[in-house]
Structures are given as C-alpha cells and as structure tokens.
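Here's the structure, in structure tokens; my notes come after.
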Amino acid sequence: MITRRHLLAGATALGSVSLLPGLAHAKGGLIATTYPGSWEDAYRAIVAPLLKKTADIDLELAPLFAMDQIGKVKAARGAPPFDAFLLDPGPRIVAIEGGLFEKFDPRKLTNLSKIPEGFADQHGVCVSAQVVGIAYNPKKLPAPKGWADLLKDPWVSRLGLTGFQTTFGTSSIIEIAKQFGGSLTNVEPALVELKKVLPKVAAVGLPAAMPGLFQQGQCDVIYTNTQTVATLKGKGVDIEFVKPESGAVAFYTTMHIAKGTDQADNAYQYFDLVVSKDVQQALTPAPYNFLPVNKDVPLPADLPMKSLDEMTRYINHDWAQINPLRAAWIDKFNKDMAK
Amino acid sequence: MIGTLLPARPAQGGTGSRFREWQLALPLALAFVALFLAPLLLLVAVSFYDDDKISQLGLGSWARFFGDSFNYKVIADTLLLGVKTICTTVFIGYPLALVYLDLSPRLQKVLLFIIVMPLLLSVVVRTFAWIVMLGHEGVVNSILLRLGVISEPLKLLQTELGLVISLTQIEMPLMLLPLISVMSRLDPNLRDASAALGASRWRTLFTVIVPLSMPGLIAGCLLVFASSTTAFISQTVIGGVRLIYLPLVIWQQALVVYHWPLAAVASLALVVSVLTVVAALSWVGRRTGGHVHG
C-alpha cells in the first residue's frame, strides 16, 4: 500500500518540489497501526471518522500485527513508517528495550481520570483489555474445566494448537505448563505433555489460521481470547468461552508514540479519543466486541468478569521474563511438533 | 530461463544499435541493482552478525544455523515440497496442454481463460478456499462421507498430501502458460510426419512432442519450484506448523523473535538451495531444449 509517508519519501528522493504543496494538508494527519481483522474494521468505522470530526485529523490506519510493527520500525532505523503503535505486552517490552517509543505524558489525556490507575505510564496508554481462556464447540464437546483437560479425551482429539508466536498462545502454553509442574519461565512440562498427545491433536497451526480452522470444524477446542469468541459467535459459529479453573489470563493492548515522529500532538489527541467514553462504548458491542478500559463503560454481560477491577485479579504474565526465553521456546516447539 | 524460450537470433546492426539496446536496458538494470542486488548484499552483510542487536560481527549465526541438524531436514523438506509440486503439476498439466493443442481456437480461448482465472484471485483467497475444500467438514470429506467411501472424515488439512494438492492447483497456471506457449508454436506437420514414418502415438509423443516442448516444460518447472518452495501462506495455512519449511523459519526469526542475522542466514539458505535447483533445471533445459530424439 502506498502511504503518505511513502509518497513523501519518493518525492524527496526525486527532488520533486512541485509535489510538496499537495502534501501540505498532511499536517492534520496521523499514521497509526492497528491489528488486521476486527481492530481494523472497528477503527476504520468508528475511530477514524470521529477523529476527523472532533480534531480534524486524517487517520490513516496501517494494519500490522504487533511483531510486524516492531520489525518495520527497527528496519526503518530512526525514520518510523508510522506515528503510533498498537501493541500487546510482549512486543511492548521489546519496543521499550529497543527505545522505539517517545516518552509519553499521561497528563495530556483529558480522559486520564476515566481509565483505571496504572493504565497509562511513561510509555503509553492501555486502550483495550483481553482475556485469554479456552473456547470450545458446545454442540460437539462438553465444557472443559481447565487447561489440563485440553490434553485429555475427548478434547485432545479436537484440539487446535498454536505455538509461542502470539501473546495468547504463549500465555496459554505457560498456563498448561503450570498444571504439570512448570512455571512462567519453565514451559518444558507443557511441551513434554503436548508431545505425548501430539498424534491425537486435531490441528497445529499459525494463530491467524485458528479461527478459520475452528469455523470449518477442523478443530473444536482452542485457546484464544474473549474477543475472538464473541466475533465468531456473531458469525453464527457454535462457540463458548470457558474461564479455566486455575484462572484466565488477562493482558492489555497499549498504544504508543513512535520515536522520531513529528505527529506526537496528533497522537495524543488520537489516544485520548480512543479511551473516551464515546469510542469505548461504540467498540464494546457486536460486531467489534472490545473489552473497554473506560470506567464509565459497563462490561458486556456475557464476559467471565463483571468489572475491570475484577480483571486486575486475573493472571498477569511478566513479559520482561518471558521475552528472553521466547526464541528458545519457539525453537523447541518447532522441533517437538515437526512431523 | 528466458533464454531457453527464445529462439537464437542473428546479430543485427553495428555498434550503434548495440549502444541503443544497452540504453534501453539501463532502467531495468538500475532497478535490479537498487531493488534486488542492494537488498541481497544487505542480507549477506546482516548474516555476518552474531547477535540479534546486530552489534557483533562474526560467523555465529551461520554456525548456529548449520550446526543444527534440524535445519538440514527443513531445507530438504522445502526442496522436496518443490519437487513433489513439480511432479503433480507436470502429471496433470502436460496432458492438459496436449488437449489444448487439439482443441478448436474457440475452445482454446475458453481453456486458456480457465487456466489464467486462478491468477486473477489472490493467493490468500485461493489458500483459504482450500481450507473449505479439505477441512474436517469440508467439501471433499462431505462428498466422500455421503457416497459411503469413508466412514469418518479423512485428515487432509495439515498434511503434506493436502498441501501438495492445493499447491498443484495454485501453481498450475505457472506450469501451463509457458508449456502452452511453447507447444502452440510446434509445427503440427511434425506429428503427421512422425505417423507417416510409422511411429506410434506414444513414440511420437516421447520422441517428438516432449523433446520439442522441453523449453516450456523446464520454464514451467522453474516457476512452479521457485513459487511452491517460497509459498509461506499456503505452507503455513494448509500445511500447519508441524510441516516446517524454510519460509516459516525465516518468518519466526525475523518477525517473532527479531533475530535478523539468523533470519538472514535462513533466507540465504533458501535462496542458494532454490537457485541451485533452478540452475540445474536450466542446465537440463539447455541440454535438451528443442532436440528431437530418434
């Protein structure tokens, strides 16, 4: 996709001064990343028009997974291809360690008092919460009670597995490991147990492929987040979310200002709008199914928790400890799972 | 590859025309240097760093990649996937190209449209369509179950068989287009001459048609091989992550764990291994192209 930034770079490279006046309107613009799928749909439909209306800022959305955002900014080396990040906890830590964010001043958010304490810091602001647990097809399987059930009959032969590529995949395997004596930094017991049942497992795929595989009946039980469950349910798929007995995992999706951007002020206005009551309220119901972070917006009734405060008691993983181990885990997962 | 497709042409004009040809090629050459050669050199340079922060020069990433026997299996599996896809596309594509030759010009246009049609669809769409076809409750299993051929659904997705089936369809235009392009130029009188000299249809096929169509066949094989060995989306979506090929390793190292030197080594391993097979096929093409055997 050719972006404003690409055009600007091309024009500069060619010394094409005549093009520059045409780009002057870009002063009121912002290039922000978003996740492909529900996030992109929701932000295009709700946030972009509202940002134009309330702040006269043209929001250009770049759909990229968290890992891809980090990769692109690292590759750009000081000339970020976008102005604002949208990240999960693991890539967030990588970006902090890599110095990829501008220092964030939460006091610039007019809606700061509307989000729980600690949801904004010197790096950025939480814009949505995610709860990870087990999803299953109630027409084909009984409800599993906990993570360990996934490796037993009848669930194991209908299980869809993913590895450590995503936050929810990593979190889930850590929780499975804990059931067999592992810990946050020791997933070996989970890999040992998974290897034992591997011939029975219905599918081992990339995270992005799992909703499609579930929808097509290739697997009937997966670990995933509440948003994916709500979205599939909205499409008529037979799917229910289970909060495991040992607890569900909660994590927060955050927004950050890219280091070196000249659109920091627009980014603050964008973030402020995203956490506002109007936007959070619009993103919460179907078909978007976001978990709101604004205290004035009630949580949907069919969620496993009744309030954001309750969610703070869910399992939270320390990604600063996980990140250094992840490369070795991925390597081990590849070797253990390979045919 | 292109050289195998083009007939030899006598040199035309003097120094002036050669100079003009050189000028015509300049934009493409510059684009090649800027968009292919420079990134490739950068890739080579990055591979000679030991750490993910790209701060320490060394051969550590090379040693790590090639010191792990698992990676040899991944390289072999990747190349084998390309070979299997070539076999199936040739097996289905060659007879189809022969049928094309015998059709009327109107039906040829219809068949050509059917061949080209998959190229008009994104490879992502085609790949996801194969999930619907091969899935546990997909079209293939539903039909087989309804016909009573099987009693429970076959596992077609997340298997190499399913992957090769889908790649065969996805890559088929790349095999058929060069093949048909070359076979359409064959003189139809050659077949009659062969028959008049007493050759059976099979002998005519193997001693006249196949050798003369070899440039197109080799070109198709090159395209199918290069495309199927690097088909990250199809490999991961249809094959799942238990079938590990080099593109998956590159993606994981580059975009999940951010170890770019290791990703660069894996990328170069893919480039070199694919180019080796491509060079071998080109050599075969040059040796056999256009010669009729008695």
Side-chain angles (χ1 to χ4, degrees), chain A residues 13 64-75 77 90-91 94-95 97-98 140 157-158 160-166 169-170 198-199 201-210 212-220 323-339, chain B residues 34 39 42 46 52-54 64-65 68-71 73-74 77 124 127-139 141-142 152-153 155-160 162-163 232-245 248-249 251-260 262-263:
Chain A
L64 288 169
F65 288 113
M67 310 88 79
D68 301 345
Q69 296 174 36
I70 305 284
K72 281 193 189 297
V73 172
K74 279 190 167 183
R77 292 182 177 257
V94 174
E97 287 169 350
K140 297 195 183 158
S157 55
R158 303 303 313 137
L161 270 182
T162 64
F164 296 98
Q165 299 97 340
T166 56
T170 307
L198 199 53
V201 168
V204 187
L206 278 187
M210 295 321 283
L213 293 176
F214 191 98
Q215 210 168 351
Q216 291 300 320
Q218 188 68 22
C219 52
D220 295 312
N323 276 345
L325 304 168
R326 212 162 155 216
W329 290 354
I330 287 174
D331 203 31
K332 185 82 174 45
F333 187 89
N334 280 351
K335 287 173 184 169
D336 284 357
M337 301 296 142
K339 278 183 180 171
Chain B
L42 200 62
V46 170
D52 57 355
K53 293 190 172 55
I54 313 182
R64 194 172 145 195
F65 185 84
D68 189 341
S69 59
F70 180 74
N71 290 327
K73 182 186 176 299
V74 173
D77 286 349
V124 178
T127 300
F128 276 89
W130 274 104
I131 291 188
V132 179
M133 294 287 288
L134 301 176
H136 192 73
E137 295 168 1
V139 177
N141 271 323
S142 300
E152 57 181 59
K155 190 167 181 181
L156 295 169
L157 267 187
Q158 305 237 321
T159 62
E160 198 181 37
L163 177 59
F232 172 68
I233 295 170
S234 306
Q235 289 170 6
T236 49
V237 172
I238 307 282
V241 296
R242 288 193 67 196
L243 297 171
I244 298 178
Y245 302 108
L248 177 68
V249 174
W251 174 75
Q252 285 179 335
Q253 292 301 331
L255 288 172
V256 181
V257 296
Y258 309 117
H259 201 303
W260 288 3
L262 214 50

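Letters A, B, ... mirror the listed sequences (proteins, then strands); counts begin at 1.
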Non-neighbouring partners of A:Asp68 that pass salt bridge (charged side-chain N to carboxylate O under 4.0 Å, His left out), sequence neighbours left out: none
B:Glu137 side, atom CD; A:Gln218 side, atom CD - distance, nearest 0.5 Å: 9.0 Å
B:Gln252 and A:Asn334 side chains, donor-acceptor separation under 3.5 Å: yes
Within 6.0 Å of NZ in B:Lys155, more than 12 heavy atoms from elsewhere: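 Above 12, so yes.
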Candidate pair A:Leu206 and B:Leu248, rule side-chain contact (heavy atoms from CB on, under 4.5 Å), full reasoning: CA-CA 10 Å; A:Leu206 278 187; B:Leu248 177 68; 4.2 Å; yes
A:Ala202, part contacting chain B, at a heavy-atom distance under 4.5 Å: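 For A:Ala202, the contact with chain B is made by the backbone alone.
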Atom group of A:Lys74 that falls short of 4.5 Å from chain B, counting heavy atoms: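 For A:Lys74, backbone and side chain are both near chain B.
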Minimum heavy-atom distance between [X] and [Y], given as atom pair plus value:
X: B:Gln158; Y: A:Val204; value: OE1-N, 2.5 Å
X: A:Ile330; Y: B:Val257; value: CD1-CG1, 3.5 Å
X: B:Phe70; Y: A:Ala338; value: CE1-CB, 3.7 Å

Greatest number of heavy atom pairs closer than 4.5 Å to chain A - which of B:Thr236, B:Asp52, B:Val249: B:Thr236
Chain A interface, residue from B:Leu157, B:Leu262, B:Leu243 that has the most non-hydrogen pairs under 4.5 Å: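 That would be B:Leu157.
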Under 3.5 Å donor-acceptor, B:Lys53 side chain and A:Gly98 backbone: no
Heavy-atom donor-acceptor pair, A:Gln216 side chain to B:Gly135 backbone, under 3.5 Å: no
Using side-chain heavy atoms (C-beta onward) and a distance below 4.5 Å, is [X] in contact with [Y]?
X: B:Leu255; Y: A:Gln165; value: no
X: B:Ile131; Y: A:Gln215; value: no
X: A:Arg326; Y: B:Tyr258; value: no

From CA spacing to verdict: side-chain contact (heavy atoms from CB on, under 4.5 Å), A:Leu213, B:His136: CA-CA 9 Å; A:Leu213 293 176; B:His136 192 73; over 6 Å; no
Under 4.5 Å heavy-atom distance to chain A, tell me which part of [X] shows up: side chain, backbone, both or neither.
X: B:Asn141; value: neither
X: B:Thr159; value: both
X: B:Ile54; value: side chain

